[in-house]
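Structure record follows, encoded as structure tokens.
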Amino acid sequence: MVDISDYNELVKAVLAISVLLTIFKFIFEKYKTIPKKAEKQPRRKSYGSSPDDPIPKPTPLYITPEQVKTRDDRPWRPFRWPYHQTMSICKLNINHWLDMDKYYYDYIKEKERVLHSYGPDNFDSLPGSEEACLELMETVKEHMLLRYPLLFTSKDNGVHVKNELTGEVLDFSLPLKENPLVYVSKMAKEDFYIVLQGEDGVHRLVAAAVPFPGGSFGIKYKLGKTLDVIHTEVPYYKEKLKPSMEKWFAKMQPADLVERASWYISWDHKLLLNNVYALKEGDKVETDIQPTQFNVRVERQTLRRLPKSRAIIFTNHPVFYSIEEMKDEPLVPSLIRKIIYEAPEGICKYKNFESFRDHILPYLNELVDRQIDLGLITAETPVKTLSTYPFALFIKESDDTKGWSNPKYPGNYSGEFKKEIETADVLEKETYARTAKMGDIIFAA
Ligand code: HEM
């Protein structure tokens with residue numbers, strides 16, 4: 001006789017075992033689909049593509065001339081702490097090689113003025129650079145047509161290109177009517193440096209369309225010089241930069257595009273010559289300049305190699321951010337304050353921080369205290385490079401199509417810029433005369 005309670009126990013046990021088996025089977029099946037630990041892949045180098053790797057092409061961005069009028073470029077905040085002199089290069093997305101923002105028109109017009117007033121002081125090329133200059137011109141044209149199809153248009157496959165922002169039609173038919181550097185300067189708001197490696201293996205600046213050097217150096221004195229000579233005045237170049245730059249240039253291929261940013265501070269928005277570099281050595285900022293007038297000038301730079309001529313193209317694009325517009329970005333005032341007082345001495349001198357730092361210190365102190373009061377930082381928050389370096393925290397809040405207007409303090413210095421340019425002439429001429437006598441930089445380091 002079967003005891004009914006034993007029978008029930010048996011059924012329960014069988015059921016429990018089958019449930020357990022189902023669970024094991026499920027886990028086993030699932031485990032089978034998890035890939036085994038990947039075999040060790042060789043680490044992808046951040047640079048050093050092969051010479052045959054394709055050069056990436058830009059993707060079209062369908063912004064209109066009207067949209068450009070209010071568009072802001074990626075918001076640069078290249079403040080580093082600790083601040084060591086390093087290459088600080090990042091991979092460049094080709095779409096950002098030549099950027100577009102609301103200052104485009106002003107910058108192109110200012111290029112025309114500088115070309116007209118100073119010509120070969122800022123735009124010049126040496127014999128032997130012709131092929132590279134033409135290749136650069138073609139590369140810039142192709143980039144603009146592909147990346148900004150509504151801003152640069154052509155009905156005859158690029159023989160004539162209309163710049164829809166300035167209204168000018170550029171005639172590329174041969175023989176060219178002007179130097180290729182002029183064409184380049186009518187399309188892009190960037191400054192261009194063309195560098196070729198000589199038979200002796202040394203890199204030299206062979207052509208330059210540099211209307212916006214800012215004033216710390218005169219570009220005409222750099223032409224024909226090696227990268228070492230060009231960087232003579234740059235603090236810690238020999239010890240910190242030269243070895244890594246040489247390694248980089250030895251390996252750099254056309255598919256390796258990088259960008260970096262330098263910065264300094266001035267109390268104006270001029271592109272050719274900023275007030276901070278127009279000061280005579282040892283002079284200080286005038287006491288009646290309001291601290292709220294101070295701006296960070298970011299020198300946004302890119303590097304790429306052209307495939308045919310093998311020329312290295314170095315671009316520089318200045319853009320100003322007022323300290324005032326960055327005042328609610330956690331740590332930005334603290335970083336600026338720290339850097340202008342505690343950066344390595346050579347850097348403080350090169351950027352002429354001494355000429356204004358005591359003048360803006362009370363203002364920066366106020367901004368730091370304000371951030372503490374608002375709870376953006378605490379007195380103990382360590383002052384260090386932003387997590388979104390080299391960009392502002394709000395880089396995450398926008399994209400290519402919308403642009404990156406500052407959500408809290410959208411600014412536009414176009415009006416001030418135009419007024420400053422109107423009165424720039426006298427100061428420029430005086431300073432240029434002084435530069436010519438000194439043979440090179442304006443502010444002697
Ligand atoms: C990876 C490559 C490069 C790095 C890391 C680099 C770095 C620097 C740095 C740190 C400065 C000082 C600016 C500052 O700190 O605000 C500087 C200045 C300068 N760089 Fe470069 N640079 C590079 C490539 C080039 C190239 C290819 C050229 C083209 C000729 C160039 C031209 C200049 C000029 C004209 C200055 C101003 C020099 C002066 O004040 O007398 N740089 N560079």
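Both counts, for ligands and for their atoms, begin at 1 and track the order of listing.
- Under 3.5 Å, the side chains of Asp72 and Ser405 contain a donor-acceptor pair of N or O atoms.
- Contacts between Met245 and ligand 1 below 4.0 angstrom, taking non-hydrogen atoms only, involve the side chain exclusively.
- Close contacts of ligand 1 with Leu303, meaning ligand atoms under 4.0 Å from a residue heavy atom, involve 1 (C), 2 (C), 27 (C).
- Using a cut-off of 4.0 Å between Lys/Arg side-chain N and Asp/Glu carboxylate O, Lys349 and Glu345 are scored as not salt-bridged.
- The shell of residues lying under 4.0 angstrom from ligand 1, judged by heavy atoms, excludes Gln301.
- In this structure, the side chains of Asn122 and Leu115 stay at 4.5 Å or more apart for every pair of heavy atoms.
- The side-chain tip of Arg304 points at the ring of Trp97 from less than 6.0 angstrom away and within 45° of straight on.
- A cation-pi arrangement is not found for Lys270 relative to Phe417, the charged atom failing to lie both closer than 6.0 Å to the ring centre and inside a 45° cone about the ring normal.
- One finds the CG atom of Leu241 at 11.5 Å from the OH atom of Tyr236 (value rounded to the nearest 0.5 Å).
- The existence of a salt bridge linking Glu168 and Lys162 is excluded, since no basic side-chain nitrogen approaches an acidic carboxylate oxygen closer than 4.0 Å.
- Near Ser262, with a cut-off below 4.0 Å to any heavy atom, the atoms of ligand 1 are 13 (C), 14 (C), 15 (O), 16 (O).
- Here is the list of ligand 1 atoms found below 4.0 Å of a heavy atom in Ser216: 40 (O).
- Atom numbering of ligand 1 starts at 1 in the shown order; those under 4.0 Å from a heavy atom of Ile230 are 30 (C), 32 (C), 33 (C), 34 (C), 35 (C), 38 (C), 41 (O).
- Selection from Phe217, Tyr193, Phe249 by nearest heavy atom to atom 36 (C) of ligand 1 gives Phe217.
- Contact annotation for Arg260 and ligand 1: only side-chain heavy atoms (C-beta onward) come within less than 4.0 Å of the ligand.
- Atoms of ligand 1 lying under 4.0 Å from any heavy atom of Gln85, numbered from 1 in the order shown and given with element: 10 (C).
- With Tyr409 as the aromatic partner, Lys327 meets the cation-pi criteria of under 6.0 angstrom to the ring centre and within 45 degrees of the ring axis.
- On a distance-only criterion, His231 and ligand 1 share at least one N/O pair closer than 3.5 Å.
- Under the 6.0 Å distance and 45° angle rule, Arg77 counts as a cation-pi partner of Tyr321.
- For the pair Lys351 and ligand 1, the shortest N or O to N or O distance falls below 3.5 Å.
- The closest heavy-atom contact to atom 31 (C) of ligand 1, among the options Trp248, Phe314, Tyr350, Tyr236, comes from Phe314.
- Residue Lys222 has at least one heavy-atom neighbour below 4.0 Å for each of these atoms of ligand 1: 38 (C), 39 (C), 41 (O).
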